[in-house]
**Q** 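First, the structure itself, so that you have it in front of you.
A quick note: this is a predicted structure, and the numbers were derived from the prediction, not measured. Proteins get letters first, then strands, A, B, ... in listed order; numbering begins at 1 in each.
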Number of protein chains: 2
Amino acid sequence: MANKQDKLVLRLERFFPYRLSILSNKISSIIADTYKDKFAISITEWRIMAVLGEFPDISADEISARTQIEKSLISRSVSKLLKRKLIDRDMAEDDRRRSMIRLSDTGNAVYEEIVPLSYQYERALLECFSETEQDQFSHLIDRLYEHANSL
Amino acid sequence: MANKQDKLVLRLERFFPYRLSILSNKISSIIADTYKDKFAISITEWRIMAVLGEFPDISADEISARTQIEKSLISRSVSKLLKRKLIDRDMAEDDRRRSMIRLSDTGNAVYEEIVPLSYQYERALLECFSETEQDQFSHLIDRLYEHANSL
DNA sequence: CCAATTTAGTTGCACATACAACTATTGTCA
DNA sequence: TGACAATAGTTGTATGTGCAACTAAATTGG
């Protein structure tokens, strides 16, 4: 006969979304501490700089699209980065709403310091996997992301 | 001869920590929307309720340990859940600092509504993987989490 | 050509969260 | 026993972040 013990229980610590969240937060917070301690830069600011390192002279909107960061957050972060002279900005001549943003010389210097550290950290993280496992993991992440987007 | 084009660039969209973060945020935000729309509950609040569904009559500190949520956040969330009568609390007799928290009848009813939805969402997410891939992914996540904790 | 709509970016506001300081209670050990 | 340390929980404060309203500029359609 059914009783209270038949209650369907959620095992939180085995629940995929929870485990992914905990894992991601752990990894991100380690990175955040490093960037904060060494360069006084937040993850958000770093992501903006990272995108500008790859794609110079793009607009705030394009940064937003490429980093998935809210445009209001982009706006405030860009202000901070401008004040600290890590980036430069001027308005597009053909469209005076749109801005053209790029790393300044200082920003580039910081960028070139952080990039090797980032790769080093990524390698340290993934050293618990074999090459094959790294590829598996990479593909699984891509597939899951695709799929989550379609839900 | 080395020139500007030799600059080491970070491909953000292929950087593991970034991809994990984006994936996890996407998945969590879908869940958050569901809980918010149907039950007016945040992810944090749900995690607290989930742990109480598994482990009734535990203290705020134990909730914090099991969910990795900051104790100050636990405190404020517990206040909200008490006000909404989703949980009950009384103080431990042997230690008047420690509290004993559990789901109320209302809380249990909500819990029993959410749990099947959670499992359903998890299944929907993972349906893009075969059984084998699900196991692989699960093990890789566990290993990576272990490893990240040791860095 | 001009009103209405769309787009880029900024700002106000509400709420989430982290860290540290604080209170109250309990435990330790000389 | 009594001073000191440790623990459970709360609260203050600073900052992060998301959503919506807003401004200014560009585009569209009649």
**Q** Tell me the interatomic distance from A:Asp95, atom CG, to D:dA25, atom P, rounded to whole angstroms.
**A**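 It is 11 Å, rounded to the nearest whole Å.
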**Q** Just checking, any donor-acceptor pair under 3.5 angstrom between side chains of B:Ser21 and A:Arg47?
**A**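 Judged by distance alone, the side chains do pair up.
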**Q** Rounded to the nearest Å, what distance is computed from the CD1 atom of residue B:Ile43 to the P atom of nucleotide C:dC15?
**A**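 Rounded to the whole Å, the gap is 19 Å.
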**Q** Grab the CG-P distance between B:Asp94 and C:dT26 for me, whole Å please.
**A**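 The distance from CG of B:Asp94 to P of C:dT26 comes to 9 Å, rounded to the nearest Å.
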**Q** Between D:dA6 atom P and B:Arg98 atom CZ, what is the distance in whole Å?
**A**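 Between P of D:dA6 and CZ of B:Arg98: 19 Å.
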**Q** Which whole-number value in Å describes the distance from A:Glu93 CD to C:dA8 P?
**A**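 To the nearest whole Å, that distance equals 19 Å.
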**Q** Measuring to OP1 and OP2 of C:dA16, would you say a side-chain N or O of B:Thr44 lies under 4.0 angstrom away?
**A**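 Negative; the distance criterion is not met.
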**Q** With nearest nucleotides of DNA chain D determined for B:Glu62 and A:Glu45 from heavy-atom distances, which residue corresponds to the more 5′ nucleotide?
**A**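 Here B:Glu62 is the residue nearer the 5' end.
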**Q** So does B:Arg89 get a side-chain nitrogen or oxygen closer than 4.0 Å to the phosphate oxygens (OP1/OP2) of D:dT10?
**A**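 For D:dT10, OP1/OP2 do have a side-chain N/O of B:Arg89 under 4.0 Å.
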**Q** Calculate the interatomic distance between A:Arg47 atom CZ and D:dT17 atom P; express it in whole Å.
**A**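 Result: 9 Å.
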**Q** When you measure from every atom of DNA chain C, which of residues 63-76 of chain A have a heavy atom less than 4.0 Å away?
**A**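 Under 4.0 Å from DNA chain C: A:Lys71, A:Ser72, A:Ser75, A:Arg76.
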**Q** Any side-chain N or O of B:Lys80 less than 4.0 Å from the OP1 or OP2 oxygen of C:dC15?
**A**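 No, B:Lys80 has no side-chain N/O under 4.0 Å of OP1/OP2 on C:dC15.
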**Q** Look at all strands and tell whether A:Ser99 reaches a base, only sugar-phosphate, or nothing, counting heavy atoms closer than 4.0 Å.
**A**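 Here A:Ser99 touches the backbone only, sparing every base.
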**Q** Expressed as a whole number of angstroms, how long is the span from B:Leu82:CG to D:dG9:C1'?
**A**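 Taking atom C1' of D:dG9 as the reference, CG of B:Leu82 is at 13 Å.
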**Q** Assess, by modelled atom type and distance only, whether the side chains of B:Ser118 and A:Tyr18 contain a donor and an acceptor separated by less than 3.5 Å.
**A**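 Their side chains do not contain a donor-acceptor pair, so the 3.5 Å distance test is not met.
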**Q** Find the distance B:Lys36:NZ to D:dT17:C1' and express it as a whole number of Å.
**A**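 It works out to 12 Å between those atoms.
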**Q** With A:Ile101, which of A:Leu82, A:Asp57, A:Val51, A:Val78 fulfils side chain to side chain contact (heavy atoms under 4.5 Å, CB included)?
**A**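 Of all the options given, the one that passes is A:Val78.
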**Q** So, A:Thr106 versus A:Arg84: side-chain donor-acceptor pair below 3.5 Å or not?
**A**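 No.
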**Q** Ignoring hydrogens and geometry beyond distance, is the side chain of B:Arg96 in donor-acceptor contact with the base of C:dT25 at under 3.5 Å?
**A**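 By the distance-only test, no, there is no pair.
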**Q** 5'-most contact on DNA chain C: A:Ser59 or A:Asp33, nearest heavy atom basis?
**A**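 Its nearest nucleotide lies further toward 5', so the answer is A:Ser59.
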**Q** Any sub-3.5 Å donor-acceptor pair from B:His139's side-chain atoms to B:Asp135's backbone N or O?
**A**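 A pair under 3.5 Å: yes.
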**Q** Report yes or no: do B:Ile74 and B:Met91 belong to one cluster of Ile/Leu/Val/Met/Phe/Trp/Tyr joined by side chain heavy-atom distances under 4.5 Å?
**A**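 Hydrophobic grouping puts B:Ile74 apart from B:Met91.
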**Q** B:Tyr111 side chain to A:Leu10 main-chain N or O, any donor-acceptor pair under 3.5 Å?
**A**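 It does hold such a pair.
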